[in-house]
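Heads up, the thing below is written out as structure tokens.
Atoms within a ligand are numbered from 1 in the order they appear, just like the ligands themselves.
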Amino acid sequence: MAKEPVRVLVTGAAGQIGYALVPMIARGVMLGADQPVILHMLDIPPAAEALNGVKMELVDAAFPLLKGVVATTDVVEACTGVNIAVMVGGFPRKEGMERKDVMSKNVSIYKSQATALEQHAAPNCKVLVVANPANTNALILKEFAPSIPAKNITCLTRLDHNRALGQISEKLNVQVSDVKNVIIWGNHSSTQYPDVNHATVKTPSGEKPVRELVKDDAWLNGEFITTVQQRGAAIIKARKLSSALSAASAACDHIRDWVLGTPEGTWVSMGVYSDGSYNAPAGVIYSFPVTCRNGEWTIVQGLAIDEFSRKKLDLTGAELTEEKELAYSCLS
Ligand SMILES: NC(=O)c1ccc[n+]([C@@H]2O[C@H](COP(=O)([O-])OP(=O)(O)OC[C@H]3O[C@@H](n4cnc5c(N)ncnc54)[C@H](O)[C@@H]3O)[C@@H](O)[C@H]2O)c1
Ligand SMILES: O=C(O)C[C@H](O)C(=O)O
């Protein structure tokens, strides 16, 4: 029997990530090739005409899984009945800006959209915040939508996770799909800590630790980390626009693994509401290694954290605590 359609909201759908993301969702990349979808697309009035153009293209693409399109500038209409909300709407960082610089514009958007989601989304709606500062926008959304369970509100660090996999695969000249279990700890910002201490590569003679294969701790503790931390800025410098196709693809990976589950023996990175695991600050949205099953994520516990990593986990945690304060001061 055919599955019932899932309603997926994309905010900021007339923007660059939106333009890359909606066809991926409509093709089944996010929820599977047998899962019909109804797309809800929200943008602001100045982008209404462009949004309508995206809707026209979705119709023209004749996607078999796409069972309907709602394109609107009305936040209540956009949020009504949605099962999944991908929050991309906001103002992107320009060259020379830190993600924090876009804080005040974006947190107020997330405060008001929290209320609309809380009141109108389907029960158990899963929320992924992409717009920067992603962790803190997600936290504000959580704080102002108290009836949405905290476990349903996440932010995107899968792009950073995928960037780390990509760097290791290039360094070792191996398939990216053979590399797994990197971790992004903390904030989706330049303080994030991409950690390879538990990462492995599938080789003809079994799974081997990344450190053993790379045999270059100076690179792993130096250039590898800064390349991943600064990759967003490098893309902005090269394209004069922030990353879009890789961000859209990572958003699909995030939701797919959350809903359909992570493969056995594999974890992924997700920004989730911190319970203080690994002595990260509790009460902020912090990126952890997680596994997913039956639509729920669980933080992977018991990984050894060395002294080098400890400092980096603390540094990015401190930035999130500071961002939380800054966000509240912007809202007051
Ligand atoms: N977490 C990540 O890994 C990651 C990666 C890339 C980009 N980003 C962030 O994603 C966001 C979107 O990036 P983009 O390149 O698509 O930007 P963009 O400017 O091309 O698109 C953003 C869209 O949001 C719309 N918008 C603005 N305010 C809105 C509101 N209140 N409600 C609904 N829509 C609204 C704009 O009109 C625009 O169409 C930015 O904040 C960017 O920094 C995050
Ligand atoms: O770096 C940015 O501002 C854009 C995005 O967050 C990215 O990581 O590419």
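Scanning the protein heavy atoms around atom 26 (N) of ligand 1, the nearest turns out to be Gly90 N, 3.6 Å. Atom 43 (O) of ligand 1 has as its closest protein heavy atom Asn132 ND2, 2.8 Å. Closest to atom 11 (C) of ligand 1 among all protein heavy atoms lies Val88 O, 3.4 Å. Among protein heavy atoms, the minimum distance from atom 16 (O) of ligand 1 is reached at Ile17 N, 2.9 Å. Annotation: atom 38 (C) of ligand 1 to nearest protein heavy atom, Asp43 OD2, 3.6 Å. Looking from atom 31 (N) of ligand 1 to the surrounding protein, the closest heavy atom is Ile109 CG2, 3.4 Å. The protein non-hydrogen atom at the shortest distance from atom 30 (C) of ligand 1 is Ile44 CG2, 3.5 Å. If you check which protein heavy atom lies closest to atom 2 (C) of ligand 1, you get His188 NE2, 3.2 Å.
Remark: the Ser189 side chain and the Glu319 side chain contain an N/O donor-acceptor pair separated by less than 3.5 Å. With 3.5 Å as the limit, one finds no donor-acceptor pair spanning the side chains of Thr191 and Gln229.
When non-hydrogen atoms are compared, ligand 2 lies under 4.0 Å from neither the backbone nor the side chain of Gln192. With a 4.0 Å cut-off on non-hydrogen atoms, Asp160 does not touch ligand 2 at all. At a heavy-atom distance under 4.0 Å, only side-chain atoms of Ile236, from C-beta outward, approach ligand 2. At a heavy-atom distance under 4.0 Å, atoms from both the backbone and the side chain of Ser243 approach ligand 1.
Comparing Ala233, Ala134, Ser242 against atom 4 (C) of ligand 2, the shortest heavy-atom distance belongs to Ser242.
Some N or O of His188 is nearer than 3.5 Å to an N or O of ligand 2, by distance alone.
Atoms of ligand 2 lying under 4.0 Å from at least one heavy atom of Ser243, given by number and element, are 7 (C), 9 (O).
At least one heavy atom of Arg163 sits less than 4.0 Å from an atom of ligand 2. The shell of residues lying under 4.0 angstrom from ligand 2, judged by heavy atoms, excludes Ile235.
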Residues 233-243, side-chain donor-acceptor partners within the protein, below 3.5 Å, at least two apart:
unit_1, atom_1, unit_2, atom_2, d
Arg239, NH1, Gln16, OE1, 3.2
Arg239, NH1, Ser242, O, 2.8
Lys240, NZ, Lys237, O, 2.6

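Cation-pi geometry between Lys151 and Tyr273 is not met: the NZ or CZ atom fails to fall both under 6.0 Å from the ring centre and inside 45° of the normal. Judged by the 6.0 Å distance and 45° axis criteria, Lys312 is not positioned over the aromatic ring of Trp185.
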